[in-house]
Amino acid sequence: MLQAADGRMRFGDVLRACTYGSTGHVGSASDLHEIDKVIDRNESMLRAFTGLVIAANFSGEVESLKADHASLWRSRFPDVVLLDSPANRGHSIGTSDLDNLLFDYCKSSGRDLLCKSAHDIIIDEAAFDILIEPAQFYFINAVSYDSLAAHGFDRGRFDEGYFYPQTTFYVINTRATDYLVDPELLDRTWAYVNSIPDYNGRVWEYVSDWTCERLLRDAVTRNELTTCSLTTDAQWHEILQFVIGARVTDCSFKGLAINGILHAQPGHPLIATFST
């Protein structure tokens with residue numbers, strides 16, 4: 001394990017010990033095309049991990065899309081583990097269902113380190129070179145222009161001690177964690193939103209503080225996991241400034257490349273890069 005002069009290690013030493021888990025929704029052939037492009041970009045990086053687990057949900061021509069999705073991954077990674085969700089419960093609830101599939105599989109099969117990613121995340125060599133301290137949870141914080149504005153742009157509230165981890169990319173020690181998201185909570189929330197006339201799919205507009213980020217934070221704090229940010233303090237200050245200046249309303253940072261980790265959702269081109 002290589003260490004920097006100050007005793008820190010490189011994130012690549014952790015990633016190579018991880019199972020890489022990716023989640024996504026597949027509803028059309030165009031979705032498969034976008035996933036194929038991301039796999040092309042990530043392929044060499046993915047081969048550095050100890051295993052690959054994919055969790056997906058589907059809509060439309062479900063059975064044919066399941067088959068094509070499986071073929072897409074197995075054509076490059078014959079040993080990939082594919083976990084198809086039995087239902088598609090939409091944004092947020094369905095996303096948490098998929099995250100649970102990955103976590104539960106890894107925990108039950110003795111895969112202690114899960115690098116949780118998504119079908120629209122691109123990683124490159126720079127991610128492996130991030131300098132880190134040993135921890136049980138590695139993350140990038142989430143923040144939006146709206147949340148900053150709601151607190152009068154007081155950056156002190158979003159600086160030291162701020163912890164609101166993104167769910168699109170993180171590493172978690174499954175052995176040290178009891179569970180990720182309470183499935184009974186997801187069931188109750190699903191039942192509730194289905195009782196709402198003309199539900200718009202944005203659960204956080206109906207249930208106060210219901211976000212995937214908060215649920216992930218709850219899992220980390222409940223288990224008292226040690227944590228390490230994948231951004232330096234200086235980088236985080238730059239990101240906060242950018243979020244304010246560009247009025248970034250999506251806390252998952254679509255189009256921002258941070259230390260080799262890019263949320264490259266279709267329709268959101270690269271707009272800024274943050275690197276050491």
Side-chain angles (χ1 to χ4, degrees), residues 18-26 51 53-59 81-121 135-144 147 161-196 199-229 250-252 263:
C18 285
T19 295
Y20 186 89
S22 183
T23 61
H25 169 73
V26 184
V53 183
I54 304 300
N57 55 29
F58 302 84
S59 59
V81 175
L82 295 165
L83 306 173
D84 293 341
S85 178
N88 171 21
R89 300 202 285 187
H91 186 47
S92 294
I93 301 171
T95 301
S96 294
D97 285 336
L98 296 180
D99 291 355
N100 273 349
L101 279 178
L102 289 180
F103 179 90
D104 293 347
Y105 173 82
C106 287
K107 186 172 179 65
S108 65
S109 59
R111 298 173 183 239
D112 292 347
L113 289 178
L114 166 64
C115 177
K116 192 276 164 179
S117 187
H119 282 19
D120 54 7
I121 294 291
Q136 296 165 314
F137 182 74
Y138 299 90
F139 68 99
I140 296 173
N141 263 320
V143 72
S144 70
S147 59
Y162 177 69
F163 182 57
Y164 197 64
Q166 292 191 18
T167 61
T168 47
F169 186 92
Y170 60 86
V171 168
I172 191 167
N173 186 315
T174 65
R175 181 187 292 270
T177 309
D178 52 2
Y179 61 88
L180 200 59
V181 182
D182 181 1
E184 292 186 2
L185 170 66
L186 296 179
D187 289 344
R188 290 196 304 271
T189 307
W190 180 242
Y192 171 66
V193 299
N194 276 286
S195 72
I196 299 172
Y199 172 59
N200 64 12
R202 296 188 287 272
V203 61
W204 59 90
E205 294 183 2
Y206 300 86
V207 183
S208 177
D209 208 25
W210 204 111
T211 66
C212 295
E213 292 81 10
R214 185 188 67 79
L215 294 174
L216 176 58
R217 182 185 66 189
D218 288 351
V220 175
T221 57
R222 182 180 66 249
N223 289 280
E224 299 181 336
L225 303 184
T226 56
T227 64
C228 178
S229 173
D250 188 332
C251 71
S252 69
H263 190 181

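Because the structure is predicted, anything quoted here is derived from the model rather than measured.
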Intermediate values then yes/no, side chain to side chain contact (heavy atoms under 4.5 Å, CB included), His119 and Ile54: CA-CA 9 Å; His119 282 19; Ile54 304 300; 3.4 Å; yes
Take Leu216 and Asp99 through the side chain to side chain contact (heavy atoms under 4.5 Å, CB included) test and state the conclusion after the steps. CA-CA 10 Å; Leu216 176 58; Asp99 291 355; over 6 Å; no
How many angstroms lie between atom CG of Leu185 and atom CG of Leu215, to the nearest 0.5 angstrom? 6.0 Å
With side chains defined as the heavy atoms from C-beta onward, is the minimum distance between Asn194 and Tyr199 less than 4.5 Å? no
Just how far is it from atom NZ of Lys107 to atom CZ of Arg175, taken to the nearest 0.5 Å? 8.0 Å
Search all heavy atoms of Ser96 against all heavy atoms of Leu186 and return the closest pair with its distance. CB-CD2, 3.7 Å
Side-chain heavy atoms of Tyr179 within contact of Arg222, under 4.5 Å: yes
Side-chain heavy atoms of Val53 within contact of Arg111, under 4.5 Å: yes
Say you draw a straight line from CG of Asp97 to CG of Leu102; how long is it, rounded to the nearest 0.5 Å? 11.5 Å
Of all heavy-atom pairs linking Arg89 and Asp187, the shortest is NH1-OD1, 2.9 Å
Show the nearest heavy-atom pair for residues Leu98 and Gly24, with the distance to one decimal. CD1-O, 3.6 Å
Over all atoms of both residues, closest heavy-atom pair of Gln136 and Glu224: OE1-O, 4.0 Å
Inter-residue atom distance Leu114.CG - Cys106.SG, 0.5 Å rounding: 4.5 Å
Measure from the side-chain N and O atoms of Asn223 to the backbone N and O of Leu225, and report whether any donor-acceptor pair falls under 3.5 Å. no
Provide the closest heavy-atom pair for Ala135 versus Thr226 in the form atom of the first, atom of the second, distance. CA-OG1, 3.4 Å
For the residue pair Ser147 / Tyr164, report whether a side-chain donor-acceptor contact shorter than 3.5 Å exists. no
Could you tell me if Ser92 and Trp210 have a donor-acceptor pair between their side chains, going purely by distance under 3.5 Å? no
Can you tell me how far CZ of Arg217 sits from OG1 of Thr227, rounded to the nearest 0.5 angstrom? 12.5 Å
Using the ring pair (Phe, Tyr, Trp, His ring centres under 6.0 Å) definition, which of the options Phe137, Tyr138, Phe139 pairs with Tyr170? Phe137
Where do Lys116 and Thr23 land on the side chain to side chain contact (heavy atoms under 4.5 Å, CB included) test, with the steps shown first? CA-CA 8 Å; Lys116 192 276 164 179; Thr23 61; 3.4 Å; yes
Donor-acceptor contact below 3.5 Å, side chain Thr95 vs main chain His91: no
Are the side chains of Ser85 and Leu101 in contact, using a 4.5 Å heavy-atom criterion? yes
Could you measure the distance from the CD1 atom of Ile172 to the SG atom of Cys115? Nearest 0.5 Å is fine. 11.5 Å
Would you sort out whether Thr19 and Tyr105 count as a side chain to side chain contact (heavy atoms under 4.5 Å, CB included), showing the intermediate values? CA-CA 11 Å; Thr19 295; Tyr105 173 82; 5.9 Å; no
Heavy atoms only: give me the nearest Glu213-Ala142 pair and the separation to one decimal. CG-CB, 4.2 Å
Pairwise side-chain contact, Thr174 with Leu113, heavy-atom cut-off 4.5 Å (strictly under): no
